[in-house]
Participant: 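If you scroll down you'll find the structure; I have some questions about it.
FYI, side chains are in, hydrogens and waters are out, and symmetry mates aren't considered; it's all heavy atoms of this structure. Here is the naming used below: chain letters follow the sequence lines, and residue numbers restart at 1 for every chain.
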Amino acid sequence: MAEETKKKAEKPKPEYIQVKFDMPRRYHWSTGKYLGKVYAEAKEHKKLVSNVCPQCKQIMWRPTVVCPYCKIEAGWEWAELAETGTVIQYTYLVFPLWDPHYGERFANPYPSAIIQLDNGVFQRHWLKETNKDKLKEGMRVRICWKEDYNERGLGLQDVPYYEPIEE
Amino acid sequence: MPQVAEKLKDMDVWVYHGQIYIPNTYSAGDVGSRFLIELRNNARIMGMRCPVCNRVYVPARSVCKDCFGQLKEWVEVSDKGTLLTYAIDNVAKPIQPTGTPIIYGIVQLDGADNGFVHMLGGVDAEQIRVGMRVQAVFKPREERTASILDIKHFKPL
């Protein structure tokens, strides 16, 4: 027994193989009437749209069937969201994030901001500006779309970030 | 119900196609690592012999399924064998290593006592018969990565 352990100690360290394989699972779901309109407009015309309450004339975002203030059916009246907006608050994220759907790593750092669009809608989204010193509350931003038609079709994921503009 | 049908009348059907990415990694262990390294370095298929029941397992395993003894005797088996059974799969799935149609076969290699699961290639699906002789086709040395797919497929002799 002692000889065996001595022999083992003299052997070089064996190579161990790591077996790696990916198992992507696909899923499909129907978005329904209202969300389907948003996804279709984003893919076809690069526009964010949402429906308007017929009574209080507020823009719903995201589109809803029933207005949460008037408690009536919001209907099929659509308005386009503004392309530009103002940063209300931002967070400078340095935590490494992975895309759970395609296994790619998100850009890092990636500032996340609450943006008030010019027609009053609040929206949380990413910002293109990664320099911490150039970020400030009240900066003006504009929407950026994925340029490739075939890559669009995932709703809000068609908008990678908002880019800063100078006015 | 008529109300529902009316609402669905001019509905744009939009289906969201997504996926969840599930990466997997496991260590092949002592015996599995040596089996895969032999495939990569020397293009040899190695098995393990049980000294009690005299059975040769391919791919190599560390414990006999009947005798439960620790196996230590490595043997090299031939890259030729006999097809025991097969299945043809025409449905493309993202897990599969190659395109469709993919033909899975269980091959009893010469010198082994159990079946070895792999793919068949270089043959029409209609020409495959149970009991035909097949031979392993290895990838070139540069493309081998110590994986079971270092064997490209089994081709008929």
Participant: If you apply the rule side chain to side chain contact (heavy atoms under 4.5 Å, CB included), what do you find for A/Tyr102 with B/Gln19, and how did you get there?
Facilitator: CA-CA 7 Å; A/Tyr102 292 92; B/Gln19 73 167 37; 3.5 Å; yes
Participant: Taking the side chain as everything from C-beta on, heavy atoms only, tell me whether B/Asp30 gets closer than 4.5 Å to A/Tyr16.
Facilitator: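 In short, these two side chains touch, coming nearer than 4.5 Å.
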Participant: Measure distances from B/Ser147 to the heavy atoms of chain A and classify the residue's part below 4.5 Å as side chain, backbone, both or neither.
Facilitator: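 No part of B/Ser147 comes within 4.5 Å of chain A.
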Participant: Please state whether the side chain, the backbone, both or neither of A/Leu154 comes within less than 4.5 Å of a heavy atom of chain B.
Facilitator: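 The answer is both parts of A/Leu154.
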Participant: Can you tell me how far NE2 of B/His17 sits from NE2 of A/His28, rounded to the nearest 0.5 angstrom?
Facilitator: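 Those atoms lie 6.5 Å apart.
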Participant: Between A/Met60 and A/Val38, is there a shared hydrophobic cluster once you connect ILVMFWY residues whose side-chain heavy atoms come closer than 4.5 Å?
Facilitator: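 A/Met60 and A/Val38: separate clusters.
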Participant: Taking the side chain as every heavy atom from C-beta outward, state whether B/Tyr21 and A/Asp99 have any atom pair closer than 4.5 Å.
Facilitator: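 No - every pair of side-chain heavy atoms lies 4.5 Å or more apart.
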Participant: Where do B/Ser33 and A/Glu15 come nearest, in terms of heavy atoms and distance?
Facilitator: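 What the structure gives for the nearest pair is CB-O, 3.6 Å.
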Participant: Could you tell me whether B/Arg141 atom CZ has more than 12 heavy atoms of other residues or ligands within 6.0 Å of it?
Facilitator: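 Check passes, neighbour count above 12.
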Participant: State yes or no: do B/Leu120 and B/Leu157 share one hydrophobic cluster built from I, L, V, M, F, W and Y residues joined by side-chain heavy-atom distances below 4.5 Å, directly or via other members?
Facilitator: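 No, because B/Leu120 and B/Leu157 fall into different hydrophobic clusters, even though each may have its own neighbours under 4.5 Å.
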Participant: Might you confirm whether atom NZ of A/Lys43 has over 12 heavy atoms from other residues, nucleotides or ligands at distances under 6.0 Å?
Facilitator: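 Yes, because the 6.0 Å sphere around NZ of A/Lys43 holds more than 12 heavy atoms from other groups.
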Participant: Is there a side-chain contact between A/Ile17 and B/Ile37 in this structure, where contact means two heavy atoms from C-beta onward sitting under 4.5 Å apart?
Facilitator: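 Side chain of A/Ile17 against side chain of B/Ile37, heavy atoms only: contact under 4.5 Å found.
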Participant: Could you look at B/Arg34 and say if it's the side chain, the backbone, both or neither that has a heavy atom under 4.5 Å from chain A?
Facilitator: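 Neither part.
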Participant: Is it true that, when you exclude B/Tyr104 itself, more than 12 heavy atoms of the residues, nucleotides or ligands shown sit nearer than 6.0 Å to its OH?
Facilitator: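 Yes, enclosed.
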Participant: For the residue pair B/Tyr16 and A/Tyr27, categorise the inter-ring angle as parallel (less than 30°), tilted (30 to 60°) or perpendicular (more than 60°).
Facilitator: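 Geometry flag for A/Tyr27 against B/Tyr16: parallel rings.
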Participant: How long is the gap from CZ on A/Arg25 to CD1 on B/Ile20, to the nearest 0.5 Å?
Facilitator: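 A/Arg25 CZ to B/Ile20 CD1: 9.5 Å, rounded to 0.5 Å.
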Participant: Which value, rounded to the nearest 0.5 Å, describes the distance between B/Thr25 atom OG1 and A/Asp22 atom CG?
Facilitator: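 Nearest 0.5 Å value for the OG1-CG distance: 8.0 Å.
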Participant: Rounded to the nearest 0.5 Å, what separation is found between the CZ atom of A/Phe21 and the CD1 atom of B/Ile148?
Facilitator: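 Here the interatomic distance stands at 13.0 Å.
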